[in-house]
Student: 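My structure is below; once you've seen it, I'll send some questions.
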Amino acid sequence: MPQPWQDTSLSAEDRAAALLSSMTLEEKLAQLSSVWPGSEAEEGEDVAPLQHEVSEAVDLDGLLPHGLGQLTRPFGTSPVEPAEGAAALARLQTRIAAGNRFGIPALAHEECLTGFFAWRATVFPTPLAWGASFDPALVGRAAELIGGSLRSAGIHQGLAPVLDVVRDTRWGRTEESIGEDPYLVATIGTAYVRGLESAGIVATLKHFAGYAASRGGRNHAPVSIGPRELADVVLPPFELAVRDGGARSVMHSYNDIDGVPSAANPWLLTELLRDTWGFTGTVVADYFGVSFLELAHRVADSRGGAAGLALAAGVDVELPAVRCFGTPLRDAVRAGEVDESLVDRAALRVLRQKCELGLLDPDWSPVPPALLGESTEPTASTESAESAESAESAESAEPGSGLDPDPDLDLDPPGMRAVARELAEESVVLLADDGDVLPLAPDARIAVVGPLADDPAAMLGCYTFPRHVGVEHPELPLGVEVPTLFAALRAELPGARITHAEGCAAPGPDGYAGETGAMASAGAAALTAESRLAQAARTAADADVCVAVLGDRSGLFGRGTSGEGCDAADLELPGEQGALLDTLVATGTPVVLVLFTGRPYALGRWSRLLAGAVQAFFPGEEGGPAVAGALSGRVNPSGRLPVSVPYASGGQPWTYAQPPLGLRGDASSIDPTPLYPFGHGLSYTSFAWERPEADAAEVPTDGETTVRLTVRNTGDRAGTEVVQLYLHDPVARIARPVSRLIGYARAPLGPGESAEVHFTFHADLASYPLGADGTRVVEPGALDLRLASSSADSGVRHTVPLRLTGPERTVDHRRRMVCEVRVK
């Protein structure tokens, strides 16, 4: 007869409580811990901060009698054939469940920032490219596919999305973020959460909170922001993803805010997240984040002390491995230093989530759908839907026994590649076009020059498997096909004469050029810097047009020019690439700059010298064909900048959303005005915006109005216009951004076609945090709604004046946060 906690007719809360009441302290603590199989055996570079300094050998046999909360990165630690990895995970889950008296399996988590973080899995564009697409629906569709892929292999939780709002693009993890605007981050990120959760995968919001606002753009650095900036910029993406996205997990950030580490902040993790926002899921530690309370922040003098601080603040699960929440926490509880009720609180949350995932159901099976020949298409079902047949199969899933690793578990099927291609194409931003060269002529003589022109690594961010783990296994292929831009252009324009030269060494810190994916020949490597430049100049001079392919090489902790721990001292193009671009421009051949980067770089010195410029933010495995299509004109670029491109490497604004004193003024000799503003992007066609109409010129402070705008394609090519709605508040009681995004819409139109774009503006969208406690108000007075093609004044096409009337209102987390948009 099933135990009460196995009774699926009961609520998950009641089942979890029944199980908790039967557990010993050691068994409860086991549910708060994780193990990282294979990490201690990996001898390469760290893939998590201080990984090899903090990691310790784990006695799995000693742990399993008490149970286990989570398994860390079963696919993302070393290369493994997908079917073999799924079979090994199933065998390990069988061992874990058999090892404890309740038969509780572990919850398996994996990274999924650019797709399933596994060898041979589809590599989607990086999140900064999601932001450039301005397309939440497409991002949500990609997330649903990623979630279905994760679930098919036995994964339950995905560590994504990153909802950090970029404040300083020198920060190495800019590429992992969606952009510099909180509304864009919130809406795109929430769409990703919905997609992942719809596939039955627990989405994990990262990094809560303030991580991207670090001093000097340095990773792990302290954060010095006021409560209003926190409430207005940092928190809204998390708030929306919890409230409207249904995220079931949150990961604390590494930083402190005004001296209080996030992992030890009860106001952040309990009072705000749970008591105010109503979050009911689990809070997990960023890798080794609990240990860092002792080792880095130094707010605890022992492992047990660190565990007690984190647990009291609201951290439920220690990741990636048990170090503080095991024996040290047990001893602290028994010594009376930590209240056991805090352990019960966290364990109840973990068990409740396992109930929701079906992991405590009597018919649970460790055998994932892919090994049963089931469809891997994403569905909203969870592990609770697994059949009795799969449970019987699990009985033979002992190590070395019957699970067949032969099923064709394809983690890079054509359907996923197609969505990766679509997202890559929508994310390409046409920065500049003089009208004479682009699109490229099909019979042109084209010189493709640059160290990234024929390098698959140019497409891949640091949280892709090839750049994160694959670099430690140079003997293995990438695992998926990643066409380079040079190869893609040759396929795109078969009638053109296309030549190639590297021009300079691949970008890297202090000459570090990486170790894989750099398909540079031995002969090219032997060239001197001068001879490389000379060869590039000859190649460009002999062509009708030169495509200069420059940018970043992603990596980790100083092993790249972009990525986690790869912060930049300034925003100059890395390495010798600036000198190469100078050389190419000097030839007199028209130069089209193509950038594959994880952050924007200062382009002011070339702004009047280029025939065109294209920006792609690590566009994934289909990025080469996507950019080649944009250059040929097969793809009409529709991407818009999610981060501003600075004119010069110093003095750039943190974001466009500055109060008046943050903009250019006579009181300073530094002009922070960007070269290309947030929201900027060109097209090969033209659009006319007819004068908008609003339902009402006066709106109550609790009311709404609809603004209608007709957009017409006046060119001879199909294209997509991205209409952006900004709010300007002329007078407020605190200094406010001159302009901030509150809505946007993509309008795909054929030649001569038109569409009506409707924005429903609610007065709540004009709220701002007035009090230092984050209290938000909607105050009466004049507002301007700016319909624009970018955040710059020059991008404003029409202004709709409004007046809010009635009493001042105080609003909270239940306010309207999203502007409803319809394209008719």
Side-chain angles (χ1 to χ4, degrees), residues 428 431-434 436-441 443-459 483-493 496-508 513-514 517-553 561 572-597 601 603 605-607 609-616 619 623-625 627-628 630-632:
V428 176
L431 296 177
D433 177 14
D434 69 2
D436 295 330
V437 173
L438 291 175
L440 298 175
D443 57 352
R445 297 177 301 159
I446 304 170
V448 181
V449 179
L452 301 179
D454 201 25
D455 187 351
M459 311 298 160
T484 68
L485 181 57
F486 177 56
L489 268 176
R490 295 178 72 176
E492 185 79 32
L493 299 171
R497 195 193 84 178
I498 302 177
T499 55
H500 170 243
E502 283 189 321
C504 67
M519 302 302 174
S521 66
L527 294 174
T528 65
E530 292 78 7
S531 60
R532 279 177 171 167
L533 282 175
Q535 183 186 61
R538 289 193 300 270
T539 303
D542 193 35
D544 299 322
V545 60
C546 174
V547 177
V549 187
L550 310 177
D552 278 316
R553 197 71 165 289
T561 60
E572 294 284 357
L573 284 172
E576 304 165 349
Q577 294 179 104
L580 172 60
L581 189 52
D582 288 336
T583 298
L584 297 177
V585 168
T587 66
T589 298
V591 175
V592 174
L593 174 63
V594 173
L595 290 169
F596 291 110
T597 68
Y601 284 102
L603 303 178
R605 90 191 209 208
W606 303 286
S607 60
L609 304 175
L610 299 173
V614 171
Q615 173 71 65
V627 173
L631 293 173
S632 74

Student: Give a yes or no on whether a salt bridge exists between Asp542 and Arg497, defined as a side-chain N under 4.0 angstrom from a carboxylate O.
Tutor: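 Looking at Asp542 and Arg497, the cut-off is met.
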
Student: Quick one: pull up CG in Leu609 and CG in Leu603 and give me the separation to the nearest 0.5 Å.
Tutor: 11.5 Å

Student: Report the C-alpha distance between Leu581 and Arg605 in whole Å, list the side-chain angles of each, state the deciding distance to 0.1 Å, and finish with yes or no for side-chain contact (heavy atoms from CB on, under 4.5 Å).
Tutor: CA-CA 10 Å; Leu581 189 52; Arg605 90 191 209 208; over 6 Å; no

Student: OG1 of Thr597 to CG of Leu573: how many Å apart, nearest 0.5 Å?
Tutor: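 Between Thr597 OG1 and Leu573 CG, I get 9.0 Å after rounding to 0.5 Å.
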
Student: Evaluate Thr484 against Asp455 for side-chain contact (heavy atoms from CB on, under 4.5 Å), listing each step before the verdict.
Tutor: CA-CA 6 Å; Thr484 68; Asp455 187 351; 5.5 Å; no

Student: Given side-chain contact (heavy atoms from CB on, under 4.5 Å), test Val549 with Phe486 step by step and report yes or no.
Tutor: CA-CA 9 Å; Val549 187; Phe486 177 56; over 6 Å; no

Student: Mind checking the CD-CG spacing from Gln577 to Leu584? Nearest 0.5 Å is all I need.
Tutor: 11.0 Å

Student: Could you measure the distance from the CG atom of Asp433 to the CG atom of Leu438? Nearest 0.5 Å is fine.
Tutor: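 Here the rounded value is 5.0 Å.
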
Student: Say you draw a straight line from CD1 of Ile446 to CZ of Arg490; how long is it, rounded to the nearest 0.5 Å?
Tutor: 11.5 Å

Student: Given 3.5 Å as the limit, does a donor-acceptor pair link the side chain of Thr589 with the main chain of Ala540, or not?
Tutor: yes

Student: What pairs with Ala613 under side-chain contact (heavy atoms from CB on, under 4.5 Å), at least two apart in sequence or on another chain?
Tutor: Leu431, Ala432, Leu593, Leu610

Student: Under the criterion side-chain contact (heavy atoms from CB on, under 4.5 Å), I'd like the reasoning laid out for Tyr601 against Leu550: C-alpha separation, chi angles, the key distance, then a yes or no.
Tutor: CA-CA 11 Å; Tyr601 284 102; Leu550 310 177; over 6 Å; no

Student: May I ask you to decide if Arg553's main-chain N or O and Thr561's side chain share a donor-acceptor pair within less than 3.5 Å?
Tutor: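 Judged by distance alone, yes, a pair lies under 3.5 Å.
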
Student: Is the backbone N or O of Arg445 less than 3.5 Å from a side-chain atom of Asp544, with the two atoms forming a donor-acceptor pair by type?
Tutor: yes

